[in-house]
Protein chains: 2
Amino acid sequence: MASARRRPSSGTPSSAGGEGAGASPDAAYDPSAFPAFAVTVDVVVFTLEGGRLHVLLVQRGTPPHERAWALPGGFVLPREGLEEAARRELAEETGIESGPRHLEQLGAYGDPDRDPRMRVVTVAWWAVIPELPTPQAGSDAAFADLIGVDEILDGQLELAFDHRQILEDALEALRQRLEDTTLASAFEPGPFRISDLRRVYEAVWGVRLEPGNFQRKVRKVPGWLEPCAEEEMLSMRLDESEVAPGRPAQYFRAPDSIRAMLSPMRRPEEDDPDAAP
Amino acid sequence: MASARRRPSSGTPSSAGGEGAGASPDAAYDPSAFPAFAVTVDVVVFTLEGGRLHVLLVQRGTPPHERAWALPGGFVLPREGLEEAARRELAEETGIESGPRHLEQLGAYGDPDRDPRMRVVTVAWWAVIPELPTPQAGSDAAFADLIGVDEILDGQLELAFDHRQILEDALEALRQRLEDTTLASAFEPGPFRISDLRRVYEAVWGVRLEPGNFQRKVRKVPGWLEPCAEEEMLSMRLDESEVAPGRPAQYFRAPDSIRAMLSPMRRPEEDDPDAAP
DNA sequence: ACAAAAGTGTTGTACTTACACCCATGA
DNA sequence: TCATGGGTGTAAGTACAACACTTTTGT
């Protein structure tokens, strides 16, 4: 094509038909002439349970990859925004009325052969929801499960489509966000201790951090931790079985919005994947 | 392993039989029942010219946003991968035979109203091509121009669709990549001096960096800079008008692949946008 | 000689690490 | 009293900003 690279505006602007299409000059607009795609969203929902990182998976019931585990997701509706679709699917699959604490787009995945039925481009998102205090025991028709990420990545648990790739990319994005933002507190449903925050980092990064140094570092981040009043503590955390044998810790609250950290948390070399003896 | 965090089955599982749908058991598969989208790619092509950051834009010739500047891009073909489509469009618009030095996905943009003609989801990419030594003066059918990013963002140059948003996001991604990878050398077409690299950082970040400290910092990054042999210098850079009045510099070559830096470059607070007196 | 760019030395400041140590509580 | 986790002190090591200074060329 034209080796376009010039400054003076002498050149005639051509370009054409669709979007930014440079080809097919002045072709009459005909929507049916353009290839039709199906567009879906898939959401990687991260949460912490028992000090380990989990993701929400559903078990498929229909032919492509039947019975295999898959990320929650579905088709984008005709007049629906992409983030809107992600929030809708997330709400439908998890039944959580309050939205996620964080929702971020990961990217588009559109390999021509990723779905044998038709050409699909999926927009992947990842989200963080806090560890819910009460597991909501009474539910019979369970179609969604929380699976530990270690079991998925280390073990050979099969995921549908390219969802393994998406999960790996989402995990890397999450790890990166813990480095340079205050996202970690999004894993906490209520008032939390600094050691709770440290356990988030340890679970997501797969490392062990010095409690003392972590404490100082976190306290120095402006606008992250506001101390909880005493009354709050008493009312909130009394039901929990958080009866620890040590010195009682101070509880904190974090603002709703995630903020960028000026000096990022440093992620050490990933050591042992096993955590507690 | 499956500690079933689920919601009561009161809510209808919803979501159709497609993609990630864990629900809707045996719904007959009917492709025509799903909304059809057009999928496009748009590419933000960054390059350096005259010590300033530029992007490649095309001027539209058809109704939606006619005569407005737009990012190069176009429809994804039915059996084409997303990155493949981006590379094809980039080659068609720029006429550059050798591919870009870096190509990375930015994300999907799919506001329902972003294109009045039909429902379009575009997958945005950003790329780096080196500043070409010879501006290739003799080209008549030029429909693409390099525009300085300052003129676009500061000035009120109108961009088609949501391309201003895409450009801003791409610029932020580029700035981030300069922090933690060796991407900067992708702007250099051949052997380069450390001060050339510094000028890349200064142009992209809009800051002024200490030459001395920059030198030490860059040299310490393992695997980034390999010194050029003397013959290479003589043959490559003789034609250039790079006759500087100072002490001649050492020239370097960088490996083709972009590597992550262990200790990232620190981006100071953005100061004055103007550079040279 | 002078200007200008390349490259090196030096110093103060800030942050990180590793580890010791004290504090406060339950058992 | 002891075990356990919360929190602080401290000293060595590292990294960086600022700026002076030397080196090597063109004019």
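The chains referred to below are lettered A, B, ... by the order of the sequence lines, with proteins before strands, and numbering in each begins at 1.
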request  = Take B:Val218 and B:Arg198 through the test side-chain contact (heavy atoms from CB on, under 4.5 Å) and record every step on the way to the result.
outcome  = CA-CA 9 Å; B:Val218 164; B:Arg198 176 168 49 84; over 6 Å; no
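One atom, CZ of B:Phe214, and another, P of C:dA6, lie 12 Å apart when rounded to the nearest Å. Atom CG of B:Leu209 and atom P of D:dA18 are 11 Å apart (whole Å). Here D:dC16 presents its P atom at 12 Å from CD of B:Glu179, a figure rounded to the nearest Å. Between A:Phe252 atom CZ and D:dG7 atom C1' the separation is 10 Å, expressed in whole Å. Separating the CG atom of B:Leu262 from the P atom of D:dA15 is a distance of 10 Å, rounded to the nearest angstrom. Distance CG (A:Asp196) to C1' (D:dG6): 12 Å, rounded to an integer number of Å. The CZ atom of A:Arg208 sits 15 Å away from the P atom of C:dC19 (whole-angstrom rounding). In this structure, CZ of A:Arg266 is placed 11 Å from P of C:dA18, rounded to the nearest angstrom.
Scanning both residues, B:Leu56 and B:Ala144, for their nearest heavy atoms gives CD1-CB, 3.9 Å.
Separation of the A:His102 and A:Trp126 ring centroids falls under the 6.0 Å cut-off.
Using a 4.0 Å cut-off between charged nitrogen and carboxylate oxygen, B:Arg177 and B:Glu104 count as a salt-bridge pair. A salt bridge does not link A:Arg175 to A:Glu179: none of the charged nitrogens lies less than 4.0 Å from a carboxylate oxygen.
For the pair B:Pro248 and A:Lys220, both in contact range of DNA chain C, the more 5′-proximal nearest nucleotide belongs to B:Pro248. Between A:Arg199 and B:Met265, the residue whose closest nucleotide on DNA chain D is further toward the 5' end is A:Arg199.
Interface remark: the B:Arg247 side chain does not form any donor-acceptor pair with the C:dA5 base, using a distance-only criterion of under 3.5 Å.
Distances shorter than 4.0 Å separate none of the side-chain N or O atoms of B:Ser195 from OP1 or OP2 on C:dA5. Contact check, B:Lys217 against D:dC16: a side-chain N or O comes under 4.0 Å of OP1 or OP2. For C:dT16, the OP1/OP2 oxygens have no side-chain nitrogen or oxygen of A:Arg216 closer than 4.0 Å.
Distance from the side chain of B:Ser263 is smallest to D:dC16 among C:dA4, D:dC16, C:dA18. Comparing D:dG6, D:dT8, C:dC19 by their nearest atom to the side chain of A:Arg219 picks out D:dT8. Nearest to the side chain of A:Asn213, among D:dG6, C:dA6, C:dC19, sits C:dC19.
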